[in-house]
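Lettering of chains follows the sequences in order, A, B, ..., and the numbering in each one begins at 1.
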There are 2 protein chains.
Amino acid sequence: MSSKNNPTRDRILKSCQTLLETKGASDVRMSDIAKRAGISRQALYLHFPNRAELLIATTRYLDEIHGIGKVVDDQIFTAEGVARLEGFIDVWCNYIPKIYGVGKALMAIKDVDEEARVAWDDRMSAVRDLCDRTIQSLIEHDMLLPDLNAKEATDLLWTLVSVRNWEHLTQECGWSQVQYLKHMHRSALKLFTVESWDIERV
Amino acid sequence: MSSKNNPTRDRILKSCQTLLETKGASDVRMSDIAKRAGISRQALYLHFPNRAELLIATTRYLDEIHGIGKVVDDQIFTAEGVARLEGFIDVWCNYIPKIYGVGKALMAIKDVDEEARVAWDDRMSAVRDLCDRTIQSLIEHDMLLPDLNAKEATDLLWTLVSVRNWEHLTQECGWSQVQYLKHMHRSALKLFTVESWDIERV
DNA sequence: TCAATAACTTGACACCGTGTCAAGTTGACA
DNA sequence: TGTCAACTTGACACGGTGTCAAGTTATTGA
């Protein structure tokens with residue numbers, strides 16, 4: 001399953017993942033992870049040089065498990081225009097809850113750990129790329145509202161579907177995942193796309 | 001200026017504020033603040049029991065300086081309907097950059113410090129109240145889009161103008177404050193309000 | 001069968017930032 | 001002159017990260 005075939009390493013990553021999902025990101029200590037993986041705290045450092053690298057490896061591990069890259073490619077290369085926008089929102093917004101635990105931990109230390117910052121920003125810029133391609137597809141099909149340029153539209157879409165907004169709506173506001181998803185679709189359509197009556201009008 | 005007339009206390013709060021604005025929130029230590037205020041680190045603890053309380057006091061200090069309460073009341077009680085929505089966005093979104101420094105620090109420790117969490121959530125729920133009253137005013141004037149209920153609209157508006165979204169757009173995306181403000185207005189109108197042609201249509 | 005090696009263990013320790021404690025200084029005021 | 005508040009210096013405990021040294025255990029291959 002994991003790229004390096006190393007059972008202990010995998011057990012560590014799995015432990016890290018589940019702890020981050022269950023406990024709040026901030027009170028998952030190296031010793032907690034070690035205990036859950038059934039090894040000594042020091043043995044962690046035989047596999048990962050520090051906490052940041054362990055968290056980063058955990059996100060990659062999650063990507064592998066869920067095969068996100070494949071799903072994204074399928075979505076991106078099949079649909080066009082509004083359908084691609086809808087597809088992108090479905091795929092990404094349903095992926096957020098799966099990475100939220102480790103994402104929160106990485107976001108928390110990214111202010112203090114340069115390496116973690118780079119790792120997280122790198123992943124988020126991959127999401128921005130998806131936003132960019134989605135907006136491009138809207139433009140190509142004359143479905144982007146004319147008062148938006150590509151850069152602004154991309155930034156706005158990126159912000160709309162940010163992990164922070166998912167966190168805010170589902171954790172603070174108590175929204176369900178389907179409710180969240182419904183409104184991401186609605187908001188994206190309202191903010192970015194030319195509505196049907198507009199087309200008929202022209 | 002400050003409620004308690006205590007020059008040293010004020011100097012501490014001012015030092016804390018400027019340090020949080022200039023340096024990144026996370027590497028402002030108690031010793032840094034003390035040094036800048038020209039007192040010993042231990043003297044801080046004569047005025048504030050811990051870091052969290054100091055940060056909380058700093059936000060209150062900022063509120064006093066900027067007289068935010070007064071401005072908000074003026075806005076809220078004069079305008080109605082869409083004008084109130086516009087006014088709310090102007091006032092709040094222009095206030096965010098002033099509190100961002102200390103806000104970021106509070107958000108960072110709110111995962112780990114219960115008291116800080118309560119303080120920050122309390123402030124943010126005050127913002128939610130403003131959102132709520134704004135949406136109510138839209139409803140009263142039949143300007144809220146019919147596919148939204150009050151609770152969802154309030155949550156969405158609250159999310160739209162969250163500090164995190166300001167951070168994302170201005171810090172990550174490099175937007176200017178006026179650009180940010182322009183799009184908050186645009187987005188709010190698109191997401192919440194019945195457009196003029198709709199009214200004519202009915 | 002023995003030796004080397006990898007993977008792990010135990011235990012100690014340095015570092016950093018927070019918060020606490022005790023004892024001493026300074027200046028104002030009564 | 002004495003008292004009190006505000007402050008100082010210096011020491012220390014705590015918790016979490018990361019490091020280091022020395023010892024154990026199981027596998028493997030000459």
Side-chain angles (χ1 to χ4, degrees), chain A residues 2-16 19-20 23-58 102 104-117 119, chain B residues 2-16 19-20 23-58 102 104-120:
Chain A
S2 185
S3 51
K4 293 144 189 174
N5 201 32
N6 185 325
T8 307
R9 188 187 145 95
D10 280 4
R11 238 169 47 241
I12 294 171
L13 292 171
K14 185 94 192 74
S15 306
C16 184
L19 282 176
L20 286 171
K23 311 175 69 172
S26 64
D27 45 33
V28 173
R29 337 212 172 288
M30 294 298 269
S31 50
D32 298 325
I33 299 164
K35 190 181 293 174
R36 187 157 226 284
I39 58 171
S40 67
R41 184 176 72 88
Q42 284 67 12
L44 284 187
Y45 291 96
L46 299 174
H47 295 269
F48 305 95
N50 52 51
R51 202 177 115 98
E53 291 270 18
L54 170 53
L55 292 176
I56 292 165
T58 306
V102 59
K104 195 179 178 190
L106 270 179
M107 288 189 291
I109 63 167
K110 96 186 187 108
D111 293 322
V112 89
D113 187 304
E114 179 62 13
E115 201 171 1
R117 212 211 82 237
Chain B
S2 185
S3 51
K4 291 144 188 174
N5 200 33
N6 186 324
T8 306
R9 189 188 143 96
D10 280 4
R11 237 169 48 240
I12 294 170
L13 292 170
K14 184 92 192 72
S15 305
C16 183
L19 281 176
L20 287 171
K23 309 175 71 173
S26 65
D27 45 34
V28 173
R29 335 208 174 290
M30 294 298 269
S31 50
D32 298 324
I33 299 165
K35 190 182 291 174
R36 188 158 224 284
I39 58 171
S40 69
R41 185 176 72 89
Q42 284 67 13
L44 283 186
Y45 291 96
L46 299 174
H47 294 270
F48 306 95
N50 52 51
R51 201 176 116 97
E53 292 270 18
L54 170 53
L55 292 176
I56 293 165
T58 306
V102 59
K104 195 179 178 190
L106 270 179
M107 288 189 292
I109 63 168
K110 94 186 188 109
D111 292 321
V112 90
D113 186 305
E114 179 63 12
E115 200 170 2
R117 212 210 82 239
V118 170
W120 182 250

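- B:F48 places its CZ atom 13 Å from the P atom of D:dA6, with the value rounded to the nearest Å.
- Classification of B:R51 and B:D113 as a salt-bridged pair fails, no side-chain N sitting under 4.0 Å from a carboxylate O.
- Looking only at side-chain heavy atoms (C-beta outward), A:R29 and A:D27 come within less than 4.5 Å of each other.
- If you measure from atom CZ of A:R9 to atom P of C:dA6, you get 18 Å, rounded to the nearest angstrom.
- What you find for A:A52 and A:A116 is that their closest heavy atoms are CB-CB, 4.3 Å.
- C:dT18 atom C1' lies 15 Å from atom CD of B:E115, rounded to whole Å.
- For the pair A:I39 CD1 and C:dA6 P, the computed distance is 18 Å after rounding to whole Å.
- The shortest distance between side-chain heavy atoms of A:R117 and A:E114 falls below 4.5 Å.
- The CD1 atom of A:I33 lies 11.5 Å from the CZ atom of A:R41; values are rounded to the nearest 0.5 Å.
- In terms of phosphate contacts, B:T8 brings no side-chain nitrogen or oxygen within less than 4.0 Å of OP1 or OP2 of D:dA6.
- Nucleotide C:dT9 holds its C1' atom 16 Å from the NZ atom of A:K35, rounded to whole Å.
- Going from atom CD1 of A:I109 over to atom CG of A:L55 covers 5.0 Å, rounded to the nearest 0.5 Å.
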Practice task
Would you mind building the protein contact string for nucleotides 11-18 of chain D? One character per nucleotide, 5' to 3', B for base within reach (heavy atoms under 4.0 Å), S for sugar-phosphate only, - for untouched.
Solution key: B----SBB
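- In this model, the phosphate group of C:dC8 is approached by a side-chain N or O of A:H47 to a distance below 4.0 Å at OP1 or OP2.
- A straight line from CG of B:L54 to P of C:dT18 spans 11 Å, rounded to a whole angstrom.
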